[in-house]
Amino acid sequence: MSTSEPSASSNFARDLVAADRAAGKHGGRVVTRFPPEPNGYLHIGHAKAIVLNFGIANETSGGMCHLRFDDTNPTTEDPEYVQAIQEDVRWLGFDWHDKVLYASDYFEQLYAFAIVLIKKDKAYVDSLTADQIREHRGTLTEPGRDSPYRTRSADENVNLFARMRAGEFSDGAHVLRAKIDMGSPNINLRDPILYRIRHATHYRTGTAWCIYPSYDFAHPLSDAIEGVTHSLCTLEFEDHRPLYDWVVAEADTAHRPQQIEFARLNLTSTVMSKRKLLELVDKKLVDGWDDPRLPTLKGLRRRGVTPEAIRAFCEHIGVAKRDAIVEMPLLEHFIREDLNKRSPRVMAVLRPLKVVLDNYPEDVVEELDAVNNPEDVSAGTRKVPFSRTLYIEQDDFREDPPKQFYRLAPGREVRLRYGYIIKCVSATKDPQTGTVTELHCTYDPETKSGSAQEQRKVKATIHWVSASHAAIAAIRLYHPLLLTDQAKLPVEQDWTRSLNPQSLELLTGCLVEPSLRSAAPGSRFQFERQGYFCVDSDSSPEALVFNRTVSLKDAWAKVEKAHQAFQR
RNA sequence: UGGGGGAUCGUCUAGCGGUAGGACGCCGGCCUUUGGAGCCGGCUACCUAGGUUCGAUUCCUAGUCCCCCAGCCA
């Protein structure tokens, strides 16, 4: 990777880990883990956790970060996601050094730990129904009540739990619960469920088990089994920490991991919850998990965003405990910053307007020298064909130019990038609609780029393509997925009503310079004066498709907006 | 109204008793064969009220506001 990464910024979690290490806690070892449940695709919120966990491990000598699948719920998980998650973590640029681990690999050990708890009278089999358990749990302000089964003997519990495992009971008939305190003000401590019966096929263990450990039991013990020192998770688990500590203490594990919580990432104008993402995909409101409008890693990748940009963004936003909503323009900034340095420049006309150079010979084609990347001289130059009939951007011509509009207008001059200065002589209009269909211009032969003779300056330089040489392409422009911030989404009414109906804008008949004909899917370019684009996976040499990753900053758009605001 | 957390520029974040800094954004300017990039300058913040202290964003007290928790999800 040539892109320089910002040095890891200080944050409370890093400081905590560093302090523990300095104090010799855990023998100075640092082991973290990224523990997704394989029930969906990773998004940029996960990237924050990945960058944090792998980052802390990587910057510590001898540090290690495990990739662990928290696959304790057979009804929601699928190997498809295991595969996809590994791809995404690898794509982001992280390496788990063979430590792909699965909570399901610990089922036998976890069962043994459960027996330990039962024998210590710290867990019991409850035979209440789910509804009854809920009733007994109390409320936020009222304490819960003990289950009548809470006093079963250890022997009876061991026996019952073994029979649960053996498959003697149907789903929901019994659960294993921790015996803590039904009167605790912390609801998580009111005898939380440790195991439930699920006669379901697990994608890895098949039908070997019909009882499955809950998160609250499996997670702390998995961390302990793996020797995880610092278990970083999001804020909503803060009040599970006493339970986390209780479980490892009562199970008397050799190693005691420490849970640290941080705020999850929120971004404006998009959705990040698994539920909402799934809804968009299921209802076909987007084009699958890799729809470029989605904040999924697959979506961002297809859109043309680089892993370096995502990493830089994640480092920059920091890690703290306060709830925050990061503005999308910040992400866009890091995408532009990265792409600016690495993207070859090309010319592409999104909304073509025909231009005929009346004084340019009909049978001549010049090969003009174009710079591939002004940010990187080693990227070299290429030839771009120039001829009498060209296309320019519709936006680059105004019949009646407003103030501060420097581009083409009747009688005005602009430079054609890498070519000549041209002057607009006349505009042909459709007699029906009045729209401009064609421009007639003259070129000034003395002003060819690179020729030192003519140093005449014009206010604007515009991009263009040669009509007979250009390749036709379809271009997809992406706009915000949501018209409102996710934090402000209506809770009760259908949130999908806040979706932007224009989030995808499809342009066809776009004209791109001929060098793009052979562009491979995934390759990225800057379309000069427009933005960063990448070749979509749907693209082929016969039918080119580009996705706009992000637009360039547009100073004129601001000026124009200010004009409009002034006029109102 | 129980418990757990959190409040610093519009946004994200730093600060660990001693001039409130950075980034995005926004506004000017320079530069420019991308109205891009780059460069220069400017903008705006310590939730409130008390207290401790020579000195408080930081420590203490009391409020206020925001977030999370009542799945046999994670």
Side-chain angles (χ1 to χ4, degrees), chain A residues 6 9-11 15 35-37 39 70-73 75-76 126 128-130 133-135 137-144 171-177 184-190 192-198 211-212 214-216 218-219 233-242 261 263 265 268 274 313 316-334 336-337 340-341 345 347 371 374-375 404-407 414-419 421 447 449-450 457-463 487 526-531 551-560:
Chain A
S9 55
S10 152
N11 63 56
D15 293 349
E37 183 187 15
N39 68 348
D70 255 2
D71 52 357
T72 57
N73 185 352
T75 60
T76 59
D126 196 354
L128 254 26
T129 66
I133 286 177
R134 191 181 323 116
E135 284 164 28
R137 188 153 33 224
T139 68
L140 294 179
T141 51
E142 301 158 41
D171 288 7
H174 309 280
V175 289
L176 184 74
R177 290 231 252 171
S184 173
N186 181 347
I187 293 182
N188 296 294
L189 263 19
R190 317 238 264 232
I193 282 151
L194 268 22
Y195 269 88
R196 68 281 205 190
I197 300 171
R198 281 261 214 288
I211 56 172
Y212 291 90
S214 65
Y215 166 87
D216 282 316
H219 200 91
C233 64
T234 43
L235 247 29
E236 66 268 28
F237 294 106
E238 258 176 331
D239 45 20
H240 290 238
R241 194 185 337 129
E261 309 86 7
L265 171 65
T268 57
K274 211 171 261 183
F313 170 75
H316 180 89
I317 56 173
V319 179
K321 296 196 73 136
R322 70 184 83 103
D323 298 307
I325 305 175
V326 178
E327 290 175 337
M328 194 60 90
L330 185 63
L331 207 210
E332 292 173 349
H333 162 79
F334 284 98
R336 287 192 190 99
E337 187 177 68
N340 175 48
K341 281 177 267 171
R345 272 60 171 171
M347 292 196 285
V371 175
E375 301 285 319
Q404 295 179 78
F405 183 85
Y406 306 145
R407 282 111 94 151
V414 294
R415 175 174 285 282
L416 293 178
R417 182 82 158 145
Y418 307 120
I421 290 177
T447 58
S449 280
K457 302 278 184 198
V458 286
K459 281 276 215 176
T461 298
I462 66 172
H463 61 278
Q526 184 196 93
F527 288 2
E528 291 208 43
R529 303 207 304 132
Q530 306 271 6
S551 67
L552 245 28
K553 286 207 272 184
D554 186 350
W556 165 245
K558 275 182 192 171
V559 173
E560 197 174 29

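This structure is a prediction, so every number in the text was calculated from the model and none was measured.
Rounded to an integer number of Å, the gap from L140(A) CG to rC67(B) P is 15 Å. Look at CD1 on I193(A): it is 11 Å from P on rA74(B), rounded to the nearest Å. Between the C1' atom of rG5(B) and the CG atom of N186(A) lies a distance of 12 Å, rounded to the nearest Å. We find that CZ of R241(A) is positioned 14 Å from C1' of rG6(B), with the value rounded to whole Å. For the pair R177(A) CZ and rA70(B) C1', the computed distance is 12 Å after rounding to whole Å. Atom CZ of R137(A) is separated from atom C1' of rG2(B) by 16 Å (rounded to the nearest Å).
For the C1' atoms, the distance linking rC59(B) with rU52(B) amounts to 8 Å, nearest Å. Here the separation of rC47(B) from rU58(B), taken at their P atoms, is 8 Å to the nearest Å. Nucleotides rC46(B) and rC12(B) are separated by 16 Å at their P atoms, to the nearest Å. Taking the C1' atoms as reference points, rG17(B) lies 7 Å from rA56(B), given to the whole Å. Atom P of rU11(B) sits at a distance of 15 Å from the matching atom of rC26(B), rounded to the whole Å. rA49(B) and rG22(B) are spaced 31 Å apart, taking the C1' atom of each and rounding to whole Å. Here the separation of rG3(B) from rU8(B), taken at their P atoms, is 25 Å to the nearest Å. For the C1' atoms, the distance from rU53(B) to rC60(B) is 12 Å, rounded to whole Å.
For the residue pair H463(A) / R529(A), a side-chain donor-acceptor distance below 3.5 Å is found, with atom types taken as modelled. A donor and an acceptor atom, one from each side chain of S184(A) and N186(A), are nowhere located under 3.5 Å apart.
Taking the side chain of H333(A) as heavy atoms from C-beta on, and the options rC68(B), rC69(B), rC24(B), the nearest nucleotide is rC24(B). Between rC69(B), rA74(B), rA70(B), one nucleotide has an atom nearer to the side chain of N188(A) than all others, and that is rC69(B).
Note: D216(A) CG to T72(A) OG1 = 10.0 Å, rounded to the nearest 0.5 Å.
Note on H219(A): nothing from the nucleic acid sits closer than 4.0 angstrom, heavy atoms only. In this structure, T129(A) reaches the bases: a heavy-atom distance under 4.0 Å links it to at least one base atom across the strands shown. Looking at heavy-atom distances under 4.0 Å, I211(A) makes no contact with the nucleic acid at all. Residue I133(A) is in base contact, counting any heavy-atom pair closer than 4.0 Å across all strands shown. Residue T75(A) is out of contact with every strand shown, counting any heavy-atom pair closer than 4.0 Å.
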task: Any chance you could encode RNA chain B as dot-bracket? Rule is Watson-Crick or G-U wobble with both distances under 3.5 Å; [ ] for pairs crossing earlier ones, | for another strand.
output: .((((((..((((....[..))))((((((.......))))))...(((((..]....))))))))))).....

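For the pair F237(A) and R134(A), nearest-nucleotide mapping onto RNA chain B gives the more 5' position to R134(A). Between E337(A) and D171(A), the residue whose closest nucleotide on RNA chain B is further toward the 5' end is E337(A).
Here the closest non-hydrogen pair linking L416(A) and T461(A) is C-CG2, 4.4 Å. The two atoms that bring L194(A) and R177(A) nearest to each other are CD2-C, 3.8 Å, heavy atoms only.
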message: Each nucleotide in nucleotides 26-36 of chain B should get exactly one letter: B, S or -. Can you fill that in based on protein heavy atoms under 4.0 Å?
response: SS-----BBBB

- prompt: What string of B, S and - do you get for nucleotides 10-17 of chain B, 5' to 3', when a contact is any protein heavy atom under 4.0 Å?
  reply: BSSBSSB-

message: Pair E37(A), T76(A) - check side chain to side chain donor-acceptor pair (under 3.5 Å), show working.
response: CA-CA 9 Å; E37(A) 183 187 15; T76(A) 59; 2.8 Å; yes

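Look at rG4(B): its glycosidic torsion is beyond 90° from 0, and that puts it in the anti range.
Of the possible donor and acceptor atoms, one in the side chain of R415(A) sits under 3.5 Å from a partner among the backbone N and O of G419(A).
Classification of the F334(A)-H316(A) ring pair by plane angle, with boundaries at 30° and 60°, yields tilted.
Dashed line: the shortest gap from a side-chain N or O of R190(A) to OP1 or OP2 of rG71(B) is not under 4.0 Å. For the OP1/OP2 pair of rG3(B) and a distance below 4.0 Å, the side-chain nitrogens and oxygens of S184(A) include no atom meeting the criterion.
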